[in-house]
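Encoded as structure tokens, the structure appears first; notes follow it.
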2 protein chains.
Amino acid sequence: MLKFSKRADYALLSLQYMATVQIGIEAHPRVVNTKEIAEEHNIPVELLAKVLQTLARHQLIESHHNGPKGGYALGREPKDITLAQVLEAIEGPLGLTDCSHEKDDHSQCEQMNHCNIRTPLFKIQESIFQLLNSMSIEDLLVEETPLIIVESLKPQGVPS
Amino acid sequence: MLKFSKRADYALLSLQYMATVQIGIEAHPRVVNTKEIAEEHNIPVELLAKVLQTLARHQLIESHHNGPKGGYALGREPKDITLAQVLEAIEGPLGLTDCSHEKDDHSQCEQMNHCNIRTPLFKIQESIFQLLNSMSIEDLLVEETPLIIVESLKPQGVPS
DNA sequence: GAATCTCCGACCAAAATCATCGGACTAAAT
DNA sequence: ATTTAGTCCGATGATTTTGGTCGGAGATTC
């Protein structure tokens, strides 16, 4: 439960990739094309294309349709792209319940004679939203340890 | 996105209801039946039945199959039922990604040549999990304002 | 024994999601 | 100018999840 959709995963992976790939390059933002990202991560190209289109439509990345040298590049600094923005671009406004939006007019929520759990649920939702908004693509650029380096496995003084 | 399923909503509503209804009653826990909850909240009975069965199977509530006086009652103190427990009971182990579990063997996640966003994603997931585990059914028992009391709508001194 | 309830499993329908395909347009390279 | 490699957009099909339904078995009270 509470799982990201694959599209969301793909979006995050792509943005992370685009961020790392253009590190240190100031001008001429490094443009990467769909196929490159897809092959790098084993993602069906056509689906990824749609994800990237969506991100572009939401200004998170810029499309450079320049023929053979075309592709995408980040539209802003990595730290200015929050995870909440990415998720909302991909999956629409996020909320735990249907009545999260239109807080007053709960047209749908009338189902329940009187819903007594709105307030606490909104608080939870707010917390999660803040969390997702406090993290950016920059925070995804951590060194990914190649898996399972159990702490204090190597005795001291014996470098590799 | 990140929406609860309706079953989860129903579960929370039911637990909240069962908690309020038995307030002040020490012994003989007030047993409520499925239909009562369903009618109270306009929920299809059969679906709610399944939700309650699931909760019972996970020990969150107790089933009293006593014929006409049968029904369900909370299995523990409201404060000992965390939202995380409820959600996991209803929707299975929660995690943002498919590879959330089996952290080492990422059999599925091999899709991505190398997934560089595991670590930060796990952190987010951990935060959300803590949040959901820090709140219990007791926290749902707040006074719910009857909706739309727009601030300072009524001029002072002119009651109703 | 009849009524009322839980319990369980199987089942169907609708909706969301994943994935694919085809066609239009653009700009660089030759 | 033609080719080529790319984006862009919409439509469509397949798969999965979810919401919702049904029928029968077992227990208990009246």
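Chain A is the first sequence line, chain B the second, and so forth, proteins listed ahead of strands; every chain is numbered from 1. Quick caveat: nothing in here was measured; it's all calculated off a predicted structure.
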Problem set entry | Partners meeting side-chain contact (heavy atoms from CB on, under 4.5 Å) with A:Arg76 (sequence neighbours left out) | A:Gln59, A:Leu60, A:Asp80, A:Ile81, A:Gln85
For this session: Say whether, by atom type as modelled, one donor and one acceptor occur between the side chain of A:Gln125 and the main chain of A:Leu96 under 3.5 angstrom.
Result: yes
Problem set entry | First encountered from the 5' end of DNA chain D, between A:Thr34 and A:Lys3 | A:Thr34
Problem set entry | Whole angstrom value for the distance that separates P of C:dG23 from CD of A:Gln53 | 17 Å
Exercise. B:Ile37 has an atom CD1; how far is it from atom C1' of C:dC5, in whole Å?
Worked result: 13 Å
For this session: Return the set of residues passing salt bridge (Lys or Arg N to Asp or Glu O under 4.0 Å) with A:Glu36 (not counting sequence neighbours), or none when no residue passes.
Result: A:Arg30
For this session: Report the residues that fulfil ring pair (Phe, Tyr, Trp, His ring centres under 6.0 Å) with A:Phe129, sequence neighbours left out, ordered by chain and then residue number.
Result: none
Exercise. Rounded to the nearest 0.5 Å, what separation is found between the CD1 atom of A:Ile90 and the CD atom of A:Glu88?
Worked result: 11.5 Å
Seminar exercise, completed: Between CG of A:Leu48 and P of D:dC9 the distance, given in whole Å, is 16 Å
Exercise. Whole-Å distance between D:dT17 C1' and A:Arg7 CZ?
Worked result: 14 Å
For this session: List for me each residue that meets salt bridge (Lys or Arg N to Asp or Glu O under 4.0 Å) alongside A:Lys50, sequence neighbours excluded, and say none if there are none.
Result: none
Seminar exercise, completed: In B/S/- notation (B base, S sugar-phosphate only, - none; protein heavy atoms under 4.0 Å), nucleotides 21-30 of chain D written 5' to 3' is B------BSS
For this session: Report the distance from atom CD1 of B:Ile61 to atom P of C:dT6, rounded to the nearest whole Å.
Result: 10 Å
Problem set entry | All side-chain contact (heavy atoms from CB on, under 4.5 Å) counterparts of A:Thr34, not counting sequence neighbours | A:Val45, A:Leu48, A:Ala49, A:Leu52, A:Tyr72
Exercise. Hey, does the side chain of A:Ser63 come within less than 4.0 Å of D:dC8's phosphate (OP1/OP2), counting only N and O?
Worked result: yes
For this session: Look at A:Tyr10 and C:dA19 and indicate whether a side-chain polar atom (N or O) is within less than 4.0 Å of OP1 or OP2.
Result: yes
Seminar exercise, completed: Considering only heavy side-chain atoms of B:Asn33, the closest of D:dT7, C:dC5, C:dA19 is C:dC5
For this session: Figure out the CZ/C1' separation between A:Phe4 and D:dT17, and round it to whole Å.
Result: 19 Å
For this session: Starting at atom CG of B:Leu52, determine the distance to atom P of C:dT6, rounded to an integer number of angstrom.
Result: 8 Å
